[in-house]
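These notes concern the structure reproduced below.
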Amino acid sequence: MANTIRLYLTCIRNTLEAAMCLQNFPCQEVERHNKPEVELNTSPGLIMNPVLICRNEAEKCLIETSINSIRISMKVKQADELENILAKKFLRFLSMRAEAFQVLRRKPVQGYDISFLITNYHCEEMHKHKLIDFIVQFMEDIDKEISELKLSVNTRGRLVATEFLKQFI
Amino acid sequence: MAYFNGGSRAVVDILSKLRNVEKPVPVDHSFCELGSIRYHIQVLESDQENIFFSISTPRLSQDEPNPNGLADFILQDIKTKYLNFADIIQPPKEGYKLTLKLNFSKLTRTKDHTKAINMVSSLHVAILNSQLKDTLKNVWMGDIIQGSTMPIKLVNHKQEPFFVLRAPKKITVIFPMRFKDESDVILATSFFQELADLGSKFPKAPHCEWSPIPPQELRGEHFENLSTNGGFVSFGIFKRHVKGKKADKTAWILLNFQQYVRYHVKCTKGFIQRRMRYRLEVLSEEIEQARIGGEAKIRKESTKQRKTWLRFSNSKKMKRGIKAFADQIKRLRLRIKIRGLGRLHRYFFHVPKFPALGWHAKLD
């Protein structure tokens with residue numbers, strides 16, 4: 001199990017290292033404007049082929065690249081209803097505070113749970129290899145956090161139920 | 001959480017203030033608590049020694065014989081418990097189910113006075129408990145038709161009914177659970193499943209079951225009572241749970257079960273929120289490290305913290321403490337004195353001196 005996630009993350013890391021070659025590119029339609037081309041999707045010449053990396057049916061990562069920006073969308077594993085609501089709550093919590101991360105998108109791409117948008121400006125302000133490390137670490141941390149939350153919620157429920165039934169004794 | 005303690009804090013505050021006031025003044029307070037319990041506290045100008053306390057609690061069952069007042073057995077119960085300082089006024093004040101005339105002058109000790117005020121603040125608990133105990137007793141005595149009695153619908157809190165019915169050798173209490181949010185339903189469902197699983201660990205506790213569909217005993221009830229999103233929780237109450245003093249506790253636990261579950265769901269959501277905030281801080285630090293110059297900023301902050309620690313370690317108190325500790329060690333090691341071993345002590349058991357941080361060596 002640990003091996004499959006390692007392979008999945010290594011594949012994502014290698015793809016990001018190859019895809020994150022961004023440069024400043026002013027908007028071709030509006031003067032003095034500079035927009036991330038991956039979001040506009042107007043000129044096919046500026047957009048590269050998107051890469052979809054699937055670990056299984058439930059977990060996948062879509063990497064869309066353009067000349068001046070890259071968009072990374074992830075779908076997180078959700079085994080049951082409890083994991084479903086925990087993942088939804090947690091990722092929505094992070095998305096609402098996207099300014100703390102700068103590279104996080106406030107709304108995920110349709111069909112995915114969370115999205116990042118990295119522009120050439122971010123690559124100028126941050127180390128490229130550390131940015132990639134952050135993305136990969138983020139994916140690992142999300143999975144770990146959701147599993148821990150689920151365990152904690154079940155443990156709390158058991159403790160509270162024990163205390164409730166003890167009152168009758 | 002205030003619901004589970006039983007006593008009303010507002011009543012305790014008002015009665016304590018009335019007791020501590022130097023010059024008695026006329027008082028007329030009306031207030032409502034928990035949405036359905038109404039209080040009225042009055043001190044008349046002409047009779048400032050007595051406090052008139054009125055209370056109105058929600059109707060537990062639609063089949064109550066006297067909807068505007070309380071049943072005789074409840075009044076008898078209250079009379080026995082509150083004999084020392086309260087008299088029941090008949091008829092009660094208009095709009096209220098019970099009026100008591102309180103006189104704390106007979107209670108000389110502060111401890112007794114405080115106990116009396118706490119008992120008055122928990123009056124609604126005593127009333128609701130008596131009502132539920134009587135219902136459970138009636139159901140227990142009732143005839144069994146086709147294996148169980150017809151279910152009796154009780155309403156403690158608004159729009160949150162629960163059902164009591166007699167089964168062979170036990171009373172079944174069924175709670176239909178409703179929640180506003182889908183996430184609340186899922187959190188509560190995991191709690192109910194744990195509650196059902198723990199039944200084998202606590203054989204003396206009531207047997208608990210959870211089902212997403214209405215149990216067979218409730219087939220035939222109105223659709224509005226059976227439409228829920230949190231399923232149905234059933235408790236099997238045996239005779240040992242309603243014997244003697246346990247009856248009060250069991251009744252109070254059952255009356256507050258739905259609020260208990262809601263409180264657990266609220267606390268769980270708060271816990272999840274705290275974990276998420278912590279994780280957000282950790283991830284924000286990681287992205288800061290990715291910035292060019294971000295590492296230097298973090299190093300600067302950790303140096304500041306180290307300087308603060310060093311400043312603390314140079315203080316006089318710290319030096320005195322270290323000296324005392326070193327003396328203690330010396331004393332312990334040199335307790336047993338053997339002739340000729342002094343030299344050995346000096347060479348092998350000397351106590352190391354603690355290095356002075358930031359001190360300069362004296363020049364002779």
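Quick note on labels: first sequence line is chain A, next is B, and so on, each numbered from 1. Bear in mind that the values here come from a model prediction, so they are computed numbers and not experimental data.
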Return the [atom1] to [atom2] distance between [X] and [Y], rounded to the nearest 0.5 Å.
| X | Y | atom1 | atom2 | answer |
| --- | --- | --- | --- | --- |
| Leu187(B) | Leu82(A) | CG | CG | 6.5 Å |
| Leu159(A) | His264(B) | CG | NE2 | 10.0 Å |
| Asp80(A) | Ile186(B) | CG | CD1 | 9.0 Å |
| Leu149(A) | Phe271(B) | CG | CZ | 6.5 Å |
| Glu194(B) | Leu165(A) | CD | CG | 11.0 Å |
| Arg156(A) | Ile272(B) | CZ | CD1 | 8.5 Å |

Worksheet entry | Sequence neighbours excluded - ring pair (Phe, Tyr, Trp, His ring centres under 6.0 Å) pairs with any residue from residues 148-169 of chain A |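 Residue pairs with at least one partner in residues 148-169 of chain A: Phe164(A)-Phe168(A), Phe164(A)-Phe235(B), Phe164(A)-Phe257(B), Phe164(A)-Tyr260(B).
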Side chain, backbone, both or neither: which part of [X] has a non-hydrogen atom closer than 4.5 Å to chain A?
| X | answer |
| --- | --- |
| Arg240(B) | neither |
| Ser190(B) | side chain |
| Cys208(B) | neither |
| Phe192(B) | neither |
| Arg275(B) | both |

Check this for me: [X], atom [atom1], are more than 12 non-hydrogen atoms of other residues, nucleotides or ligands nearer than 6.0 Å?
| X | atom1 | answer |
| --- | --- | --- |
| Glu81(A) | CD | no |
| Glu57(A) | CD | no |
| Asn49(A) | CG | no |
| Glu140(A) | CD | yes |

Discussion item. On a heavy-atom basis, which atom in Ala290(B) and which in Leu131(A) lie closest, and how many Å separate them?
Written reply: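 Closest approach of Ala290(B) to Leu131(A): CB-N, 4.3 Å.
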Discussion item. On a heavy-atom basis, which atom in Gln167(A) and which in Ile253(B) lie closest, and how many Å separate them?
Written reply: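 In terms of heavy atoms, the two residues are closest at CB-CD1, 3.6 Å.
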Between [X] and chain B, with a heavy-atom cut-off of 4.5 Å, which part of the residue counts as in contact: side chain, backbone, both or neither?
| X | answer |
| --- | --- |
| Gln102(A) | side chain |
| Phe93(A) | side chain |
| Phe134(A) | side chain |
| Lys89(A) | both |

Item to complete: Begin from the C-alpha positions of Arg158(A) and Phe191(B) and carry the test side-chain contact (heavy atoms from CB on, under 4.5 Å) through to its verdict.
Response: CA-CA 7 Å; Arg158(A) 200 169 311 122; Phe191(B) 171 66; over 6 Å; no
Worksheet item: Could you go step by step and tell me if Arg97(A) and Leu280(B) meet the side-chain contact (heavy atoms from CB on, under 4.5 Å) rule?
Response: CA-CA 9 Å; Arg97(A) 288 151 184 82; Leu280(B) 175 76; 3.5 Å; yes
Discussion item. Before you tell me yes or no, could you show the steps for Phe138(A) and Ile287(B) under side-chain contact (heavy atoms from CB on, under 4.5 Å), namely the whole-Å CA-CA distance, both residues' side-chain angles and the distance that decides it to 0.1 Å?
Written reply: CA-CA 10 Å; Phe138(A) 185 92; Ile287(B) 193 78; over 6 Å; no
Response to the item:
Scored by heavy-atom pairs under 4.5 Å with chain A, the best of Lys204(B), Lys249(B), Arg279(B), Arg277(B) is Arg279(B)
Worksheet item: Hey, which of His129(A), Lys128(A), His127(A) has the most heavy atom pairs under 4.5 Å with chain B?
Response: His127(A)
Practice prompt. Evaluate the side-chain contact (heavy atoms from CB on, under 4.5 Å) criterion for residues Met276(B) and Glu145(A): first the C-alpha distance (whole Å), next the side-chain angles of each, then the deciding distance (0.1 Å), finally the verdict.
Written response: CA-CA 9 Å; Met276(B) 293 194 301; Glu145(A) 186 65 28; over 6 Å; no
